[in-house]
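Mind having a look at this structure? Questions to follow.
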Amino acid sequence: MKDIAVKVEGLGKKYHIGKIKPGTMNLREAIYRGIKSPAQKAWNLLQGKAHGAARLEEEIWALRGVGFELVKGDILGIIGHNGAGKSTLLKILTHITEPSEGQVMIRGRAGALLEVGTGIHPELTGRENIYLNGSILGMKRSEVKRRFDEIVEFSGIEKFLDTPMKHYSDGMRVRLAFSVAAHLEPEILLVDEVLAVGDTAFQKKCLAKMSDVIKEGKTVLFVSHNMAAVKELCPRAILLERGKLVFDGPSYEAISMYISRSSTEDLSRQHKDVWIERTYFPQADLAGQGVVYEQAKSLVCGLQIEAAKALDEVWVNLEILSVVGTRLVHIRNDFDGHEISVEPGKTNIEITITDLPLLPDTYNMRFRLVAMVNGEQLVEDSVDVPLIIAGEKPGRGRYESFVRTRQTWSVTKIT
Amino acid sequence: MTSMPSRHKNKGSEARRKSSERKETIKYYRPTSGWVSLELRELWEYREVIYFLTWRDIKVRYKQTVLGALWAILQPLMVMVIFTIIFGRLLKAPSDDIPYPLFAYSALTIWTFFANGVTLASNSMVMEGNMIKKVYFPRMSIPIASVAAGMVDFCIAFVILVGMMIYYGKTPSMAILTLPLFIILAVSATLGLGLWLGALNVMFRDVRYLIPFLLQVLLYASPVAYSSNLIADKGAWNILYGLNPMAGVIIGFRWALLKTPIEQPVILATSAAVTISLLITGSFFFKRVEKNFADVV
């Protein structure tokens, strides 16, 4: 094992999903179960059921038999549908939770950008929170001190350094938190969808920081729903499906596999009223890496949704995101005056975009299904698909402009 | 793929090794079962987290309240007034020839530390649930910080105690040298109980409701308002009384400061033994169940 930075072997994580969530179990139930379960186990065993003991509670494996290796300097994308086990894997890799089987070996300091801002306290000032947050993330006080100016400069909140953070805007809070995390200097960096924070200028900074980290030869694990970002940043990706690793290899292949596979057997589905059964694109070329859109043609996006019960109001969102997560397009049925209600069973929805004025590049198409559940709007399901706008990428100004315009020039010399 | 290599079979969830060239850590995360190591070394490496969490707790508490640090004094002082009226004046409880207010307040400083510490530590894990779910650091630093933050309040209340001793003209004897010992014992009792209840509270939210009741029972079972020398009985009753860890702490604390007689040293010995075992079992229990915190909290 010369330069192996991360080694995951036979990793599994089991969760119990009984009728009662463990955290909310009260003492009476615990005592009742405490008395009941040994008796039940004994009875099951007496009846000759070898697995009788396990049948008391329903178990699900959020992750099972996952194994991969990362050499120092590798950049790995981790993709998969909702409930595939991505966040469970990341939680094990960051030592937040313990695996149920298998093991993880991590060589070198690991830093995680999971959800930034953990441990930030609104009553404390920006300065105080930098120290607090830094220490929670594993930085020594001397380290924070040394890099303090850099952190502050990166965040761009110098003026409010001594203001309690409860007076900060959401954007400022996120920027400060990200800046602390970005200066962690880990040898292994675990990232989870943090690029989509702050405004565009800040996102650019974050992406630049991320490229720096990659250039410095650090090992990066990048979990994202944004297929465009995975494709851009990671040469290699693993695809998780129902807790199992189904593919490990070039990211474009992982992504095409992700698109072609239906997410039908997503585990989180048992608790849902409605979900996206599959997406399809009748006219577009799937070309392995995503939906390819030819300029000036129309793009038909098909969505097959399935409902467990009748729902009066369902909202279908289609968003197009840039590599750094900027939302460029947002289409929703009611914006266009369409109301959607569903009956139990399958429903087909097709959105035809007659013109999509985006510059050639890779984008991320996100379908979000929102439904009214108990008087509350809840996101029931979402699916991400890479969208490739065909054509030559404009040479300059990448990440800066997205909209295609039609124009003519005239240059006349004045004499 | 599911077979585990036997090369690095370490007992704990992780092991550290230093390569000869530069400091390089190798960590292993794998399932643990049963009783696990306390990993005190790791806790020491993360001592700054404890420091910052403590510092945050103090800062936030004083920032959010109008009276701020004054509460540290008011809390025991108000109870002292009530106790002086009810137990001192009305019931005429014997106070080992010490003026009753001083007698009550001396015990109340350390009792308040204990009661607040246990309450905060017990709720700390649930309060910091969000952090536990998102970032790893030794979980034990959370209840430790809760208890440590209470030390500041104790020190403030202690200043008033010194003032009262001067007012009543009580000069401490050589016994005061043992005072740190009893403070350590109080910290151990607080942390021991806090670790037990903090871990249990994550699993069973009932614990939260049990704590005020438990503390009330313990307060009456401690020689705060009355002298332990009232228990003139010998043997079994003394041991039963000593099962309350704070009984011994208060007897010793008062003796070290005011030289009140200790008629039943067996109470003190029992309490000390209970306190130490509470801390040890509490730490191991906490460590054993902490791996599930992130999934459950």
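Convention: sequence-line order gives letters A, B, ...; per-chain numbering from 1.
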Please rank A:Leu93, A:Val8, A:Asn129 by heavy-atom pairs under 4.5 Å with chain B and give me the top one.
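Most heavy-atom pairs within the cutoff with chain B belong to A:Leu93.
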Got a sec: does the CE of B:Met127 have more than 12 other heavy atoms crowding it under 6.0 Å?
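Result for CE/B:Met127: open.
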Consider side chain to side chain contact (heavy atoms under 4.5 Å, CB included). Of B:Tyr46, B:Phe52, B:Phe137, which one does A:Ile136 pass it with?
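With A:Ile136 as partner, side chain to side chain contact (heavy atoms under 4.5 Å, CB included) holds for just one option, B:Phe137.
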Please table the atom pairs, donor to acceptor, closer than 3.5 Å between any side-chain atom in residues 188-196 of chain B and protein atoms at least two apart or in another chain.
unit_1   : atom_1 : unit_2   : atom_2 : d
B:Ser188 : OG     : B:Ile184 : O      : 2.8
B:Thr190 : OG1    : B:Ala186 : O      : 2.6
B:Trp196 : NE1    : B:Thr281 : OG1    : 3.1

Flag the one option from B:Val49, B:Ile132, B:Asn130 with the top tally of heavy-atom pairs under 4.5 Å to chain A.
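It is B:Val49.
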Does B:Lys59 pair with A:Glu128 as a salt bridge, N-O distance under 4.0 Å?
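Between A:Glu128 and B:Lys59 there is a salt bridge, with a charged N closer than 4.0 Å to a carboxylate O.
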Among B:Glu128, B:Glu290, B:Arg56, which residue forms the greatest number of heavy-atom pairs with chain A at distances under 4.5 Å?
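Ranked by contacts with chain A, first place is B:Arg56.
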Tell me if a side-chain donor or acceptor on A:Glu98 pairs with a main-chain N or O of B:Thr32 at a distance below 3.5 Å.
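At least one qualifying donor-acceptor pair exists.
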Segment of A:Thr88 engaging chain B (4.5 angstrom heavy-atom cut-off):
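Looking at A:Thr88, nothing touches chain B.
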Do the non-hydrogen side-chain atoms of A:Leu137 and B:Val135 ever get within less than 4.5 Å of each other?
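Heavy-atom side-chain distance check passes, below 4.5 Å.
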Can you tell me how far CZ of A:Arg109 sits from NZ of B:Lys27, rounded to the nearest 0.5 angstrom?
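Interatomic distance, B:Lys27 NZ to A:Arg109 CZ, rounded to 0.5 Å: 9.0 Å.
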Side chain, backbone, both or neither: which part of A:Lys13 has a non-hydrogen atom closer than 4.5 Å to chain B?
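Contact with chain B involves the side chain of A:Lys13 alone.
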NZ (A:Lys244) with more than 12 external heavy atoms under 6.0 Å
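At most 12 heavy atoms, drawn from other residues, nucleotides or ligands, come within 6.0 Å of this atom.
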Between B:Arg47 and chain A, with a heavy-atom cut-off of 4.5 Å, which part of the residue counts as in contact: side chain, backbone, both or neither?
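Contact with chain A: none, neither part.
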Is the Lys NZ or Arg CZ of A:Arg141 less than 6.0 Å from the centre of B:Tyr51's six-membered ring, within 45° of the axis?
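Judged by the rule, A:Arg141 and B:Tyr51 form a cation-pi pair.
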